[in-house]
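Worksheet: the structure to be examined is printed underneath.
On a predicted model such as this, the values are computed, not experimentally measured, just so you know. Only heavy atoms go into these numbers, but all of them, side chains included; no hydrogens, no water, no symmetry mates.
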Amino acid sequence: MRSFSITCFIGLACNCAAQVGAGEFLLPLTANPAQFENDGAAARYSVVTVDTILLGTGFRDNFKYESRRPDTAKWDPDFGAVSSGVFINRSWAISPPNYGVCTFDGLNYIGNPYNVLASVNSTGQSDMLVSVPFNLSALSVSDSVYLSFWFQPEGRGYSPNPQDSLLLDFSAPSWSTTPTPVWKNIWFTEGFSPAAADSGFHIVMIKLDSASYFANGFRFRFRNYAAQCGSNDHWHIDEVYMNRLRTFSDTLIDEASFVYDAPSFLKDYQAMPFDHYKPSAHMAGSIGNIVRNAGPTAKNITYKYDVFTSTGSNIATYTNTNAIGLAPFAYETYAPIANPPVYPTNFTSGFPQQSDSTYFLVRHQLLDLGRTDSMYFRQKFYNYYAYDDGTAEVGYGLN
């Protein structure tokens, strides 16, 4: 479901409006406050190193972390991971490979337009996501190294116009004799028509087929062209994966995982004041998890969640230990996993009051043959009521 930012629009340059009633309009966001939030800062900033990373498990980013910005252990802050403008989120894509995507639009890293005066029919280079450097000198073309990623146009945002595009570039050390890398375009896709039958996720497989790539300092980057006046012309990417010993048909994500963000434990709200909270009236009886097996074989999965106070005390645990066979390419329908109860036996009184303003951290875990897929939700009790998750996808305005 889309969330809304309510605004009065007068003479905006970036005005691609959809009318919803007399004098009412849905409009692209001209700013994204959620993008300005400094969530997960401690985990986000890491030392960027050059490493032979592909000799192990390869490079993979599925954007599942809590931060709104890319992980700088994987994306280089000196070349745009912090200031590039991409937005890590769990709400803009539709049916992503798993929860968490990287979104490209016309807003910069603090959620403001690159050019507030730009026309909605114009286009310009906007967001950029640049990898850390890789030392591939121990490998060669014969090691069959592939870079793959999934992308979706539009999602819950706005479709790219014909003049817009999403691009992938490579940089090899031998292409330049200066510290400034030289980039060459390897792949791109142009604007998307919303009338097209398929607006889902698509996979791209790129083989590193040149000896020039296999050196110390290889990089890749994603960038987009969009109207620079707001949150327009959206592209979403997920599951960026590079490794050796792959083939062109190595396209499957053979695992079960959550697809969308964790739901609220409250019946009607994402957040509410603790002074107004009554477990019998406001606590939901169950929650809805969206779990999918993205692989070609059945998965025997189990599930649990834990509830922690803001100081880290575990106050509740729900566990389903009955391993259920989740069919290939299917969504989970088994109620103890898809709709687990909010009232486990040690949690019948609801959330205990900690202070006037606090939160509880709910950790959901999906277990599949030793692999754990973890997802977190912050249940907020602050000085406001909120029906949605606080991340607006469109603006609502009155003439």
Side-chain angles (χ1 to χ4, degrees), residues 1 3 33-44 63-69 71 88-91 98-100 257-291 301-321 332 335-367 372-392:
M1 182 178 73
S3 300
Q35 199 163 345
F36 184 74
E37 294 178 5
N38 196 24
D39 295 341
R44 189 174 68 244
F63 307 105
K64 288 185 177 182
Y65 32 88
E66 299 297 309
S67 173
R68 305 290 193 180
R69 297 175 184 168
D71 181 358
I88 309 302
N89 66 91
R90 301 177 181 178
S91 59
N98 44 57
Y99 74 95
S257 65
F258 298 104
V259 177
Y260 290 118
D261 205 359
S264 172
F265 272 36
L266 301 178
K267 187 183 302 180
D268 299 312
Y269 305 106
Q270 295 285 319
M272 67 179 298
F274 223 142
D275 290 345
H276 299 182
Y277 165 68
K278 295 179 176 59
S280 60
H282 298 119
M283 187 76 83
S286 64
I287 56 173
N289 289 322
I290 308 298
V291 175
I301 61 174
T302 58
Y303 164 79
K304 68 177 293 190
Y305 69 71
D306 294 282
V307 181
F308 301 91
T309 66
S310 59
T311 58
S313 299
N314 189 326
I315 60 171
T317 297
Y318 167 82
T319 304
N320 170 67
T321 57
E332 181 61 84
I337 296 177
N339 297 101
V342 173
Y343 287 116
T345 56
N346 59 339
F347 194 41
T348 55
S349 59
F351 293 102
Q353 184 159 355
Q354 305 292 303
S355 62
D356 290 339
S357 291
T358 189
Y359 68 88
F360 295 84
L361 190 66
V362 184
R363 181 183 66 193
H364 300 262
Q365 292 183 305
L366 196 66
L367 295 91
T372 302
D373 189 32
S374 297
M375 178 174 62
Y376 295 86
F377 177 79
R378 185 170 294 193
Q379 189 68 67
K380 299 176 181 178
F381 291 95
Y382 295 150
N383 62 346
Y384 59 83
Y385 284 89
Y387 284 110
D388 62 33
D389 61 6
T391 303

Let me confirm one number: the [atom1]-[atom2] distance from [X] to [Y], rounded to the nearest 0.5 Å.
| X | Y | atom1 | atom2 | value |
| --- | --- | --- | --- | --- |
| L366 | E332 | CG | CD | 8.5 Å |
| F258 | N289 | CZ | CG | 5.5 Å |
| R378 | S264 | CZ | OG | 14.0 Å |
| N89 | R68 | CG | CZ | 7.5 Å |
| Y376 | Y65 | OH | OH | 16.0 Å |
| Q365 | T319 | CD | OG1 | 9.0 Å |

Which pairs count as salt bridge (charged side-chain N to carboxylate O under 4.0 Å, His left out) when at least one residue sits in residues 302-313, sequence neighbours excluded?
K304-D306, D306-R363

Sequence neighbours excluded - salt bridge (charged side-chain N to carboxylate O under 4.0 Å, His left out) pairs with any residue from residues 261-276
R90-D261

Can you check whether S257 reaches Y99 side chain to side chain, under 4.5 Å on heavy atoms?
no

Apply side-chain hydrogen bond (donor to acceptor under 3.5 Å, both in side chains) to K64 and list each qualifying residue two or more places apart in sequence or on a separate chain.
D373

Would you please name every residue forming a side-chain hydrogen bond (donor to acceptor under 3.5 Å, both in side chains) with Y385, sequence neighbours left out?
H276

Report the residues that fulfil side chain to side chain contact (heavy atoms under 4.5 Å, CB included) with [X], sequence neighbours left out, ordered by chain and then residue number.
| X | result |
| --- | --- |
| S280 | none |
| P344 | Y305, Y318, N346, F347 |
| F360 | F274, V307, T309, I315, F351, P352, Q354, T358, Q379, F381 |
| N383 | none |

In sequence, state the C-alpha distance, the side-chain angles, and the governing distance for Y260 and M375, and then conclude on side-chain contact (heavy atoms from CB on, under 4.5 Å).
CA-CA 10 Å; Y260 290 118; M375 178 174 62; over 6 Å; no

How close do [X] and [Y] get, heavy atom to heavy atom, and via which atoms?
| X | Y | answer |
| --- | --- | --- |
| P336 | P340 | O-CB, 3.5 Å |
| S349 | P279 | O-CG, 3.1 Å |
| P263 | G288 | CG-O, 3.4 Å |

Does the pair H364 and V291 meet the rule for a side-chain contact (heavy atoms from CB on, under 4.5 Å), with working shown?
CA-CA 11 Å; H364 300 262; V291 175; over 6 Å; no

